[in-house]
Amino acid sequence: MGNVLRFLCGHFCNPNAAADADSLGPHGVSPATVGVSALAHDLFDFEITSQVPQGLSKHVVSSKKAQANWYRKLAEAWRSEKPPPKTPEEASRLVIQTLKRHQKKDVEGLLAFYGLPLPHTLVELSAPAPVPTSLPDGVKFELQTLPVDAKAVADGDTVTVYVSTAHPRESSCIPMEVRNAAIQRSQARNAKNYAKADALHKTITDAGYRVLTVQNEEILARKYRIRLRGIDAPESAMPYGKEAKEELRKLVEGKCLRVLVYGEDRYNRCVGDLYCNGKFIQEAMLKKGFAWHYTAYDKRAELAKWENEARAKRIGLWASRNPEQPWEWRKGKREGK
């Protein structure tokens, strides 16, 4: 039994957890793992029992003997992968590469069994670009955020971020009442006067700041609402609205982002380009079919190209024959249609 598989089974699979009502795939895995945990669990079991999972034959065309051969190959490949797959995309690519000489129906059936992305839905993002020595034309300022909370994602094109006030741009403009409230709050907590501390924290949050705990350290941070520049995702009540929000959450949760801010919209949100470890977030949303290129406000050719790639693959919202445009949907709501 491989140590990697043993670790993954313990890391991803909680036998005491009740299955979520919105679980995906035959294994009842959560949307957060989307089959990775189930595949790791089954590979772990196969190394003990040499048995493939029940129900797999309904999804594939080859015999049980052939299926056992797949699982031997996959278990070896999973052990050899460093680091092992953690996301559905990584797990899907490992399956596709390992079983590339096998029948297409079997590979796609195996992926479907675990709720993993099918080959035609996988996208390749551009290689991370080197950080420029100067800001691009039109950029008003740059933000380097603290790790993003999952609840900070409002929908597929809006996210709330926090920036440490230790940053020179922020430290010079902290309101005096916020600075004093943060000091008094710390003193109140040290004195275990939590009611006073909570009241002071409300003063801080009402002013657009928050005290966050990052790596056991309290940090005074400023709040920014970011509207992703150049794309328009389905609204939450629209088809694919929840999926778009979930995709953006997966891209940014727990990550520190680089935000290039170009301006502000009528809702006082900063309009900007988001980068995570050098990857352009808008590119990922467009290529995966979870957003439109917002041509009314952005004419960048690469955004149009990425949208067209998703259209051609018919993935995400483009799986629908004629998806409704979010700006038309909002217009209809305003007009009471």
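All values reported here derive from a predicted model rather than from experimental measurement.
In plain terms, the two heavy atoms of Tyr240 and Ala319 that are nearest each other are OH-CB, 3.6 Å. Between Leu122 and Ser92 the shortest heavy-atom distance is CD1-OG, 3.9 Å. When all heavy atoms of Ala207 and Val178 are compared, the pair lying nearest together is CB-CG2, 3.5 Å. The shortest non-hydrogen separation linking Leu303 to Gly230 is CD2-O, 3.3 Å. Closest heavy-atom contact between Gly109 and Val60: C-CG1, 4.0 Å.
Counting only N and O atoms by type, the side chains of Gln67 and Ser57 include a donor and acceptor under 3.5 Å apart. No donor-acceptor contact under 3.5 angstrom links the side chains of Tyr162 and Arg222, judged on distance only.
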Go through it in stages, so that I can follow the logic: the residues are Asp106 and Val61, the test is side chain to side chain contact (heavy atoms under 4.5 Å, CB included), and I'd like the CA-CA distance, side-chain angles, deciding distance and then a yes or no. CA-CA 6 Å; Asp106 283 330; Val61 296; 3.2 Å; yes
So Tyr262 and Lys140, side chain to side chain contact (heavy atoms under 4.5 Å, CB included) or not? Walk me through it. CA-CA 5 Å; Tyr262 285 80; Lys140 305 289 186 184; 5.5 Å; no
Kindly determine whether Asn308 and Arg311 satisfy side chain to side chain contact (heavy atoms under 4.5 Å, CB included), including the steps that lead there. CA-CA 5 Å; Asn308 287 333; Arg311 282 178 181 259; 3.7 Å; yes
Applying side chain to side chain contact (heavy atoms under 4.5 Å, CB included), run through His41 and Asp45 and close with a yes or a no. CA-CA 6 Å; His41 179 274; Asp45 276 358; 3.0 Å; yes
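For the pair Phe46 and Arg72, the minimum side-chain heavy-atom distance is below 4.5 Å. Using a 4.5 Å heavy-atom cutoff, the side chains of Val107 and Ile96 are in contact. Using a 4.5 Å heavy-atom cutoff, the side chains of Leu317 and Pro239 are not in contact. In this structure the side chain of Leu39 reaches within 4.5 angstrom of the side chain of Trp78, judged on heavy atoms. A heavy-atom distance below 4.5 Å is found between the side chains of His201 and Val211. Put simply, the side chain of Val252 does not reach to within 4.5 Å of the side chain of Cys276, judged on heavy atoms. Residues Tyr209 and Pro175 meet the side-chain proximity criterion, which asks for heavy atoms closer than 4.5 Å. Residues Leu111 and Pro117 fail the side-chain proximity criterion, which asks for heavy atoms closer than 4.5 Å.
Salt bridge Arg93/Glu90: absent, no basic N to carboxylate O contact under 4.0 Å. For the pair Glu89 and Lys288, the salt-bridge criterion is met [side-chain N within less than 4.0 Å of a carboxylate O]. Salt-bridge formation is not detected for the pair Glu246/Lys250: no Lys NZ or Arg NE/NH1/NH2 atom is positioned less than 4.0 Å from an Asp or Glu carboxylate oxygen.
Expressed to the nearest 0.5 Å, how far CD1 of Ile315 lies from CG of Leu118 amounts to 11.0 Å. Rounded to the nearest 0.5 angstrom, Glu283 CD and Leu125 CG are separated by 5.0 Å. To the nearest 0.5 angstrom, Ser164 atom OG is 9.5 Å from Leu212 atom CG. To the nearest 0.5 Å, atoms CE (Met285) and CG (Leu248) are separated by 5.0 Å. Interatomic distance, OG1 of Thr87 versus CG of Leu116, reported as 9.5 Å (0.5 Å rounding). If you take OG on Ser62 and CG on Leu56, they are separated by 10.0 Å, rounding to the nearest 0.5 Å.
By the rule that hydrophobic residues join a cluster once side-chain heavy atoms approach within less than 4.5 Å of another member, Val163 and Ile204 end up as members of separate clusters. Met238 and Leu286 are not part of a single hydrophobic cluster, where members link through side-chain heavy atoms under 4.5 Å apart. A chain of hydrophobic side-chain contacts below 4.5 Å, direct or via other Ile, Leu, Val, Met, Phe, Trp or Tyr residues, connects Phe280 to Leu135.
By the 30° and 60° cut-offs, the orientation of the rings of Tyr114 relative to Tyr71 is tilted. Relative orientation of the Trp70 and His102 rings is perpendicular, given thresholds of 30° and 60° on the angle between their planes.
Partners of Lys202 according to the side-chain hydrogen bond (donor to acceptor under 3.5 Å, both in side chains) rule, which considers only residues two or more places apart in sequence or in another chain, are Asp206. In this structure, Arg179 has no side-chain hydrogen bond (donor to acceptor under 3.5 Å, both in side chains) partners at least two apart in sequence or on a different chain. Looking at residues two or more places apart in sequence or on another chain, you find a side-chain hydrogen bond (donor to acceptor under 3.5 Å, both in side chains) between Lys305 and Glu309. Evaluation of the ring-ring contact (aromatic ring centres under 6.0 Å, His included) rule for Trp318 yields Trp292 as partners, not counting sequence neighbours.
Shown are Lys331, Arg330, Lys333; of these, the salt bridge (charged side-chain N to carboxylate O under 4.0 Å, His left out) with Glu235 is made only by Arg330. For the salt bridge (charged side-chain N to carboxylate O under 4.0 Å, His left out) test with Arg227, the passing option among Asp232, Asp298, Asp273 is Asp232; the others fail.
More than 12 heavy atoms of other residues, nucleotides or ligands shown are found within 6.0 angstrom of CD on Gln325. Heavy atoms of other residues, nucleotides or ligands lying less than 6.0 angstrom from NZ of Lys313 number more than 12.
A side-chain hydrogen bond (donor to acceptor under 3.5 Å, both in side chains) check over residues 183-195, counting only residues at least two apart or in different chains, returns the pairs Arg185-Glu218.
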Return all side-chain donor-acceptor pairs below 3.5 angstrom for residues 143-160, not counting sequence neighbours, or 'none' if the list is empty.
unit_1 : atom_1 : unit_2 : atom_2 : d
Gln144 : NE2    : Glu142 : OE2    : 2.6
Thr145 : OG1    : Leu257 : N      : 2.8
Asp149 : OD2    : Lys151 : N      : 2.8
Asp155 : OD1    : Asp157 : N      : 3.0
Asp155 : OD1    : Thr158 : N      : 3.0
Asp155 : OD1    : Thr158 : OG1    : 3.3
Asp157 : OD2    : Ala233 : N      : 2.8
Thr158 : OG1    : Arg269 : NH1    : 3.2

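Looking only at distances, no side-chain donor or acceptor of Thr213 sits under 3.5 Å from a matching main-chain atom of Asn216. Under a 3.5 Å cut-off, the side chain of Ser320 and the backbone N or O of Asn322 do not form any donor-acceptor pair. Judged by distance alone, the side chain of Lys73 and the main-chain N or O of Leu99 form no donor-acceptor pair under 3.5 Å. In this structure, Glu307 contributes its side chain and His293 its backbone to a donor-acceptor pair below 3.5 Å. Panel note: side chain Gln282, backbone Leu274; a donor-acceptor pair is recorded below 3.5 Å. Put simply, the side chain of Thr98 gets close to the backbone of Leu94: a donor and an acceptor are under 3.5 Å apart.
With a 6.0 Å cutoff to the six-membered ring centre and a 45° limit on the axis angle, Arg169 counts as a cation-pi contact of Phe141.
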